Every structure is written in structure tokens, then in C-alpha cells.
Amino acid sequence: MLPISFPDFPFNSPLAKTIIELERVRGDLGLGTTHPALFEQLRSMVQLMSTITSARIEGNRTSIVDAVAGVARSRRLDGMRQSDQVQEIVQLHAATAFVDETISTGTPLTHALVRELHRVSVEGLQREGDRTPGSYRTGDVSISGSRHAPPGPNSVHGDMTELLEFLNRDVDRSLQLLKIAIAHHRFVWIHPFGNGNGRVGRLLTYAAMRREGFTDDSGYRVLNPTAVFGANRALYYERLEDADSLAPDAIIRWCEYVLNGLVDDLERMRRLSQSEFVTQGVLLPSIRRGLRSAQFDQADAHALAIIAERLEAKSADLEPAYPGSSTWRSKKIRTLLDRGLIEPVTEGGRIYRLRLAPSELTPLVFRQLDDIRFLPRILRDE
């Protein structure tokens with residue numbers, strides 16, 4: 001295998017200009033006005049969106065509604081297995097949560113992490129499982145539809161060691177995403193597992209972004225590269241195969257594809273960090289969509305809209321939607337809580353906020369995001 005390195009490219013090349021643009025957009029991410037608690041919910045939605053996208057890249061056609069319901073059931077009924085395709089999404093969601101729990105800025109990426117991501121993602125699945133979940137392959141493997149022949153099993157551990165050393169290398173800030181893009185292709189090129197390589201490769205790429213500080217649990221930094229790869233599945237595979245030669249010009253083309261996609265994704269995340277856009281452009285239109293489809297009645301839609309505009313609301317704030325006695329209003333609030341449309345800000349408290357994911361609101365918000373061209377193409381339901 002050729003050593004992993006950065007390709008040479010001129011200072012005024014398209015790739016260099018894209019890197020500069022990424023740095024500009026990245027610098028704007030700390031200037032958000034969306035309430036942190038609401039942005040955290042949006043971040044959860046982005047993660048769920050990325051999970052469903054990753055499964056769809058592999059051919060899983062579970063609808064958004066069924067995927068959201070499946071993730072919600074898995075939280076209520078821990079350990080309950082569902083249909084194979086829904087279970088695949090549940091396990092990918094769990095693997096993403098594992099990355100969030102274990103990887104922060106500067107955390108080393110290890111063989112143990114990679115193997116655990118594989119185990120969580122594929123264990124027990126029928127269509128997209130693996131006979132040895134959590135273990136590197138011990139035999140040759142082929143990539144469907146590709147001319148590339150991955151290296152033999154005896155070199156997998158050494159190749160992965162080199163890849164992880166490359167990912168863990170400290171580089172100039174401007175080269176961090178370039179490093180991650182190169183590593184994503186090389187992981188798929190190595191194909192270290194019998195099955196599940198695409199899913200684990202995207203999870204590892206997300207982990208690498210967390211390591212470099214592009215996504216964290218505070219502020220307005222939230223980026224998952226799966227949306228880039230799901231924008232055009234055919235182009236994703238075409239660019240991967242083009243780079244399989246490991247020729248410098250092919251690697252540059254791959255990096256241009258990834259980094260241009262990340263510029264677009266960062267711009268979308270920047271918009272989600274703006275309070276007015278989230279309220280007026282996402283939440284209120286989603287509630288109106290639910291009203292039009294009779295998912296909510298007029299009073300419930302009014303109550304949800306009040307909470308969306310106030311961010312947090314107590315019983316008295318909802319009197320315009322539920323006029324009458326406080327007892328009647330409490331009963332209506334209880335119904336919203338039972339449906340999972342709202343949740344208390346603090347456990348057992350009586351100040352409420354919208355519950356965006358997973359809930360009945362999630363598909364409505366997804367459809368609104370699709371209307372304003374936020375969703376990857378692959379995520380659009382027929």
C-alpha cells in the first residue's frame with residue numbers, strides 16, 4: 001500500500017480555495033443566536049438524519065416515519081429487536097451516540113474504537129450483518145460494483161495502524177478536513193471488515209471530526225459528513241472508485257468533492273444557528289404542516305406555536321390556546337406530554353419546550369427541511 005500523505009496542490013488551485021472557504025464558514029459557527037437548548041435538539045435531529053442517510057446509502061429504504069418510531073421504541077423498550085431494516089437504523093443511531101459519548105477534541109482514535117463501531121453497527125443483523133462483528137476480516141473480500149481489489153487479510157491490521165496514525169496526527173488547522181477526507185477514502189480502500197465498511201467508515205469520519213473540534217456538545221459546532229455522501233449516492237461511489245488508484249490527481253478530485261460538500265453542509269448548520277430562521281423558517285411551518293394534515297387540531301397547533309416562539313412556556317402562557325380553567329389546560333398539556341410533542345425543561349418541572357426528536361414533530365420538521373433544500377437527496381421519501 002502507498003503511504004498515506006497529503007497530495008501537493010498549488011496555492012491558487014480549486015482545492016486550496018475550498019479550504020479557505022471552509023475556514024471562513026467555520027469561523028462563523030460561533031456567532032449563533034439559537035437558544036442552546038433548542039440547538040441541542042436540532043443537533044439531535046441532524047444526528048438522526050445522518051443515521052437514516054447512512055443506512056439508505058447501503059440500500060435501506062425504511063421511511064423517515066418508521067425510522068423515527070423505531071428509534072423512539074428502542075429508547076422506551078431497551079433491548080427489544082425490531083424488523084431488520086429498522087434495527088439497522090437503531091444500531092447505527094446507537095453507534096453515533098457511542099461516538100458522542102467517547103470522542104471529544106484530541107481523543108485518540110484506536111483499533112478498539114473502530115472494532116466497537118463495527119460491532120454495534122452490524123451485530124445480529126441479517127441483511128447487513130457480519131459473521132464476526134467487532135473483528136477485522138480474515139479472508140479476501142470484494143466490493144460490489146467496483147474494480148478495486150482490497151488488500152489481503154494479512155495486511156489489514158498494519159494498514160489500519162497506519163491509517164489511525166495518520167488520523168491522530170496533529171496538523172495545521174487548515175489541513176484538518178483534508179486529512180479526514182483522505183482517511184475516509186483510505187478506510188474504504190482497505191475494507192477492513194467482511195461487511196459494514198461503508199457504515200463504519202462514515203462513523204469513523206464523524207469521530208475524526210469530533211476529534212478535530214468540528215462537532216462538540218457545546219456552542220454551535222455540529223457537522224456530520226454523512227449528509228455530504230448522501231447528497232448523491234452515485235457520485236459518492238464514483239468519486240471513491242476514481243480515487244482507488246491512489247494517484248495524486250485522483251485523491252485531489254476526491255478531496256475537492258468532500259470539502260465542497262462540507263462547505264455546503266456548514267452553511268446549512270450556520271443557518272440553523274440563527275434563531276429567527278429556526279423559528280420562522282423551520283418550527284412554525286412544521287406545526288402548520290401538522291395542522292393541515294390533521295395531525296394537530298387548531299388548539300394544539302396554537303399551543304405548539306406559542307412554545308416554539310417562546311422557546312419555553314408554562315401553563316399560563318398557553319391560555320390563548322387553551323382558554324378556560326387551569327385544570328382543563330393542565331389536562332391538555334398532559335396530552336401533549338403523553339404524545340411526546342413537548343417535554344419539561346427539567347425533570348418533573350412545569351415549564352415546557354418542544355420535543356423535536358424523536359417525536360411526532362420529527363417527520364414534519366424533516367419535510368420542512370426538505371422543502372427548503374436542507375435534506376440530502378437520498379433522504380427524500382417517495
Side-chain angles (χ1 to χ4, degrees), residues 47-75 77-99 113-146 148-150 153 156 160 184-185 187-207 224-238 240-241 358 376-382:
Q47 298 297 58
L48 183 54
M49 177 188 77
S50 297
T51 294
I52 301 170
T53 298
S54 189
R56 286 201 174 179
I57 289 173
E58 303 303 324
N60 186 319
R61 297 304 301 172
T62 302
S63 71
I64 290 175
V65 171
D66 288 344
V68 170
V71 171
R73 280 194 300 270
S74 72
R75 291 182 174 181
L77 305 170
D78 187 36
M80 183 196 78
R81 296 195 69 81
Q82 306 184 62
S83 69
D84 198 55
Q85 292 206 350
V86 171
Q87 186 64 31
E88 179 187 354
I89 291 171
V90 168
Q91 291 179 208
L92 279 176
H93 199 59
T96 303
F98 175 73
V99 171
L113 169 71
V114 175
R115 292 195 295 262
E116 181 64 7
L117 292 177
H118 184 253
R119 186 194 67 77
V120 174
S121 299
V122 307
E123 191 168 43
L125 297 179
Q126 299 173 17
R127 187 183 72 93
E128 288 294 344
D130 193 323
R131 289 178 298 176
T132 56
S135 299
Y136 292 144
R137 59 183 169 89
T138 58
D140 291 323
V141 68
S142 61
I143 302 175
S144 177
S146 173
H148 170 59
V156 166
M160 285 300 300
H184 180 89
H185 169 264
F187 179 92
V188 178
W189 191 92
I190 296 168
H191 232 63
F193 300 107
N195 194 21
N197 292 282
R199 285 163 287 166
V200 176
R202 291 184 287 274
L203 286 163
L204 179 60
T205 301
Y206 173 60
N224 192 317
T226 301
V228 175
F229 305 138
N232 187 327
R233 181 175 183 263
L235 182 61
Y236 173 45
Y237 285 136
E238 179 184 314
L240 279 171
E241 186 166 8
R377 183 188 307 173
I378 201 171
L379 204 58
R380 297 170 191 164
D381 285 333
E382 296 297 332

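Note: hydrogens, waters and symmetry copies are ignored here, and every other heavy atom, side chains too, is used. What you see is a predicted model; the values in this text were computed from it and never measured.
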To the nearest 0.5 Å, how far apart are CG in L379 and OG in S50?
9.0 Å
Atom pair CD1/CD of I378 and E58 - distance to nearest 0.5 Å:
9.0 Å
Within a strict 4.5 Å, meaning less than it, do heavy atoms of the R199 and E88 side chains meet?
yes
Is any side-chain heavy atom of Y206 closer than 4.5 Å to one of T226?
no
To the nearest 0.5 Å, tell me how far R127 CZ sits from Q85 CD.
4.5 Å
Decide if atom CZ of R73 counts as having more than 12 heavy atoms of other residues, nucleotides or ligands within a radius under 6.0 Å.
yes
Closest approach of D84 to G124 (non-hydrogen atoms, all atoms of both residues)
OD1-O, 4.4 Å
If you take all heavy atoms of Q82 and G70, which pair is closest and at what distance?
NE2-O, 2.8 Å
With under 30° as parallel and over 60° as perpendicular, where do the rings of Y236 and F229 fit, or are they tilted in between?
parallel
Between the main-chain N or O of G194 and the side-chain N or O of R131, is there a donor-acceptor pair closer than 3.5 Å?
no
Is any side-chain heavy atom of R137 closer than 4.5 Å to one of P150?
yes
Side chain to side chain, P192 and F187, heavy atoms closer than 4.5 Å
yes
Do the side chains of F98 and L203 get nearer than 4.5 Å, heavy atoms only?
no
State, yes or no, whether a side-chain contact exists between I52 and M49 at a heavy-atom distance under 4.5 Å.
no
In terms of relative ring orientation, are F193 and H118 parallel, tilted or perpendicular, with 30° and 60° separating the classes?
parallel
Please confirm whether the backbone N or O of D130 pairs with a side-chain atom of N195, one donor and one acceptor, at under 3.5 Å?
no
Could you measure the distance from the CG atom of L204 to the CG atom of L113? Nearest 0.5 Å is fine.
6.5 Å
Under the side chain to side chain contact (heavy atoms under 4.5 Å, CB included) rule, what do L125 and Q87 come out as? Steps first, then yes or no, please.
CA-CA 8 Å; L125 297 179; Q87 186 64 31; 3.9 Å; yes
Measuring from atom NE2 of H148 to atom CD1 of I143, what distance do you get when rounded to the nearest 0.5 angstrom?
5.0 Å
Which heavy atom of S121 sits nearest to which heavy atom of L92, and what is that distance?
OG-CD2, 3.9 Å
With side chains defined as the heavy atoms from C-beta onward, is the minimum distance between E238 and L235 less than 4.5 Å?
yes
Do N60 and E128 come close enough that some side-chain heavy atom pair is under 4.5 Å?
no
Say you draw a straight line from CZ of R377 to CZ of R233; how long is it, rounded to the nearest 0.5 Å?
12.5 Å
Shortest non-hydrogen contact from P376 toward A231:
CB-N, 4.0 Å
What one should report as the nearest heavy-atom pair of S74 and V90 is CB-CG1, 3.6 Å
